[in-house]
J.: 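I'd like to ask some things about the structure below.
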Amino acid sequence: MYWYHAATKHSYNSVRTNPNRLSWEDQPRTYKNYPEEYQKFKLNLEEQEDNFLYHIAGLTAKKSYPSGEYYLRINPSAGALYPNELYFQVRGVEGKRDGIYHYEVRSSSLTLLQEISEVEGIEPYFGFKTAMRGYLFLVSAIYYRSSWKYKNRALRYCLLDAGHLLGSIEAAALLKPHAVQIQYTIDKEKLNRMFGFEEREWFLAGAVMAVPIHGSEVNAIEFSLPYVDGSRSFEKNELIEQAYHETMALEACKRQIKAPKFTYNTTKLQETLFTRRSQRGFHEGAITKGQFNYIMEMIHQPILSDCDEEVSVYVVVNRVLDMPLGLYKDGAYIEYGDFARKAGYLSLEQYSLSQQGAVAFFLTSKAKNYQALYQKAGIIGQRLYVAAQYMQIGCSGIGAYYDDEVNDFLGNDEMVLYALAIGK
């Protein structure tokens with residue numbers, strides 16, 4: 001998918017010759033609410049299942065400004081635009097009616113979209129022939145929420161943010177505990193039609209937190225939901241639509257069947273998920289080598305999935321006690337040097353993050369399955385948030401950088417997927 005990636009690169013000149021002027025009257029909504037005729041269930045955080053679901057995408061705080069109120073969520077999003085929506089099927093879970101739901105973020109409610117029977121469900125759209133007890137999650141993107149601000153580059157952010165949401169499912173599942181498998185090869189075209197998205201919203205991936213019910217064959221359920229506006233305003237972007245459709249089909253995927261091993265305390269992890277924030281700047285504080293090694297171990301755990309694309313993790317060490325300054329790749333030392341200012345410049349001159357942080361990260365890949373590899377980068381980013389903040393270290397995702405200059409610095413020609421920084 002190099003044509004889209006190349007067409008959406010940033011450079012020193014491009015960000016100065018093509019300034020991004022926002023049309024505030026067209027600013028889209030960041031919440032999707034189904035009409036009141038749908039049955040809705042308010043989450044009760046005293047109930048285990050509701051508490052688990054809330055820790056995937058719930059609201060955590062409210063900030064008030066003269067321009068209005070601003071809500072923080074458990075999962076981060078580029079520009080706080082939150083292009084992704086969460087849907088799921090639940091089957092055989094105590095306290096939950098079998099059916100297909102939408103997670104209504106603003107009201108912390110579950111909207112029942114479609115009931116299911118013992119012999120019908122969305123399992124076949126995930127490639128399963130038997131009924132699955134538990135949760136089958138679907139993550140979508142309403143791309144105009146992001147393209148309103150980020151224009152053609154918005155598909156990158158939709159995919160990264162989807163990865164963060166998938167990572168939130170993985171992290172919340174540790175509270176139960178239960179393993180999660182990411183499922184990229186879902187029948188997106190059929191599901192998009194059934195959910196009535198009308199090319200304004202698309203499914204990107206699924207996540208499986210369920211086990212087979214042996215001896216229970218299941219048929220593909222068919223339904224047709226009416227379109228529900230999830231952004232208020234909309235402007236068609238043909239480049240993004242073309243890129244989405246050309247990257248829907250995945251080829252030559254390799255499964256990852258090895259499960260991750262995390263070492264989180266459940267109580268502390270729950271508090272970490274709820275209090276997660278994106279750091280707006282760092283103050284040149286150092287972290288310890290032990291903290292760094294723990295974080296690296298957590299982000300390099302395998303990700304269960306049906307299409308595990310290779311993503312390289314480059315690290316610029318600025319301030320880690322008892323560690324040499326310089327550039328590392330997947331834990332291996334590459335080059336000595338004080339690259340803090342260089343990392344800040346490469347991150348679109350956001351010096352308060354990549355320069356003043358303790359460590360800067362650059363994620364790259366030469367893989368071909370664009371949607372899968374970009375969402376994997378988002379999952380790694382979410383793991384970095386969780387592991388860093390579990391260690392009481394701040395984290396910030398950086399989706400904007402000078403693509404080609406990052407390649408020159410790293411000495412590779414791979415697609416640059418994501419930048420992040422951690423520190424104090």
J.: What's the separation between atom CZ in Phe361 and atom CD1 in Ile295, rounded to the nearest 0.5 Å?
T.: 6.5 Å

J.: Will you find, in the side chains of Ser278 and Tyr385, an N or O donor that is under 3.5 Å from an N or O acceptor?
T.: yes

J.: What's the verdict on salt bridge (Lys or Arg N to Asp or Glu O under 4.0 Å) for Glu201 and Lys32, showing C-alpha distance, side-chain angles and the deciding distance?
T.: CA-CA 11 Å; Glu201 184 175 354; Lys32 180 176 181 179; 2.8 Å; yes

J.: Listing request: all ring pair (Phe, Tyr, Trp, His ring centres under 6.0 Å) pairs with a residue in residues 287-336, at least two apart in sequence or in separate chains.
T.: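 Checked against ring pair (Phe, Tyr, Trp, His ring centres under 6.0 Å) - neighbours excluded - the pairs reaching residues 287-336 are Tyr328-Tyr333.
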
J.: Any cation-pi pair here, Arg73 with Tyr82, using under 6.0 Å and within 45°?
T.: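 Yes.
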
J.: Taking atom types as modelled and ignoring hydrogens, do the side chains of Ser347 and Gln350 form a donor-acceptor contact shorter than 3.5 angstrom?
T.: no

J.: Going by atom types alone, do Gln371 and Thr247 pair a side-chain donor with an acceptor below 3.5 Å?
T.: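 Indeed, the side chains of Gln371 and Thr247 share at least one donor-acceptor pair under 3.5 Å.
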
J.: Any Lys/Arg nitrogen of Glu123 or Lys129 sitting under 4.0 Å from an Asp/Glu carboxylate oxygen of the other?
T.: no

J.: Determine, for Tyr12 and Arg16, whether the Lys NZ or Arg CZ falls below 6.0 Å from the six-membered ring centre while staying within 45 degrees of the axis.
T.: yes

J.: Is there a side-chain hydrogen bond (donor to acceptor under 3.5 Å, both in side chains) between Thr364 and Glu414? Walk through the geometry before answering.
T.: CA-CA 6 Å; Thr364 72; Glu414 300 179 355; 2.6 Å; yes

J.: Distance only, no hydrogens: is a donor on one side chain within 3.5 Å (strictly under) of an acceptor on the other, for Gln27 and Glu25?
T.: no

J.: Indicate the ring-plane relationship of Phe88 and Phe137, choosing parallel, tilted or perpendicular according to the 30° and 60° boundaries.
T.: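 If you compare the ring of Phe88 with that of Phe137, the planes turn out tilted.
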
J.: Examine Lys268 relative to Tyr390 and say whether NZ or CZ is less than 6.0 Å from the centre of the six-membered ring and inside a 45° cone about the ring axis.
T.: yes

J.: So do Leu53 and Lys96 actually touch side chain to side chain, heavy atoms under 4.5 Å?
T.: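 Of all side-chain heavy-atom pairs linking Leu53 with Lys96, at least one is under 4.5 Å.
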
J.: Kindly write out the residues that satisfy ring pair (Phe, Tyr, Trp, His ring centres under 6.0 Å) with Tyr87, not counting sequence neighbours, or none if the list is empty.
T.: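 Expected list: His102, Phe195, Phe197, Phe203.
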
J.: Partners of Tyr401 by ring pair (Phe, Tyr, Trp, His ring centres under 6.0 Å), sequence neighbours excluded?
T.: none

J.: On the six-membered ring of Tyr351, is Arg341 placed so that its NZ or CZ lies under 6.0 angstrom from the centre and within 45° of the ring axis?
T.: yes

J.: Relative to Phe52, does Lys176 satisfy both conditions: NZ or CZ under 6.0 angstrom from the six-membered ring centre, and within 45 degrees of the ring's axis?
T.: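 Pair Lys176/Phe52 counts as cation-pi.
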
J.: Can the ring centres of Tyr374 and Tyr418 be said to be less than 6.0 Å apart?
T.: no

J.: Decide whether Trp3 and Glu246 meet the rule of one side-chain donor and one side-chain acceptor closer than 3.5 Å.
T.: yes

J.: Can we say Glu170 and Arg383 salt-bridge, meaning some charged N sits less than 4.0 Å from an Asp/Glu carboxylate O?
T.: yes

J.: Please state whether the rings of Tyr402 and Tyr345 are parallel, tilted or perpendicular, taking 30° and 60° as the class boundaries.
T.: tilted

J.: So which heavy atom on Ala173 is nearest to which on Val180, and how close?
T.: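 Smallest heavy-atom distance, with atoms named: CB-CG2, 3.4 Å.
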
J.: Salt-bridge test for Arg133 and Glu94: reply yes if a basic N is under 4.0 Å from a carboxylate O, no otherwise.
T.: no

J.: Decide whether Ser77 and Asp161 meet the rule of one side-chain donor and one side-chain acceptor closer than 3.5 Å.
T.: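 Yes, Asp161 and Ser77 have a side-chain donor paired with an acceptor closer than 3.5 Å.
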
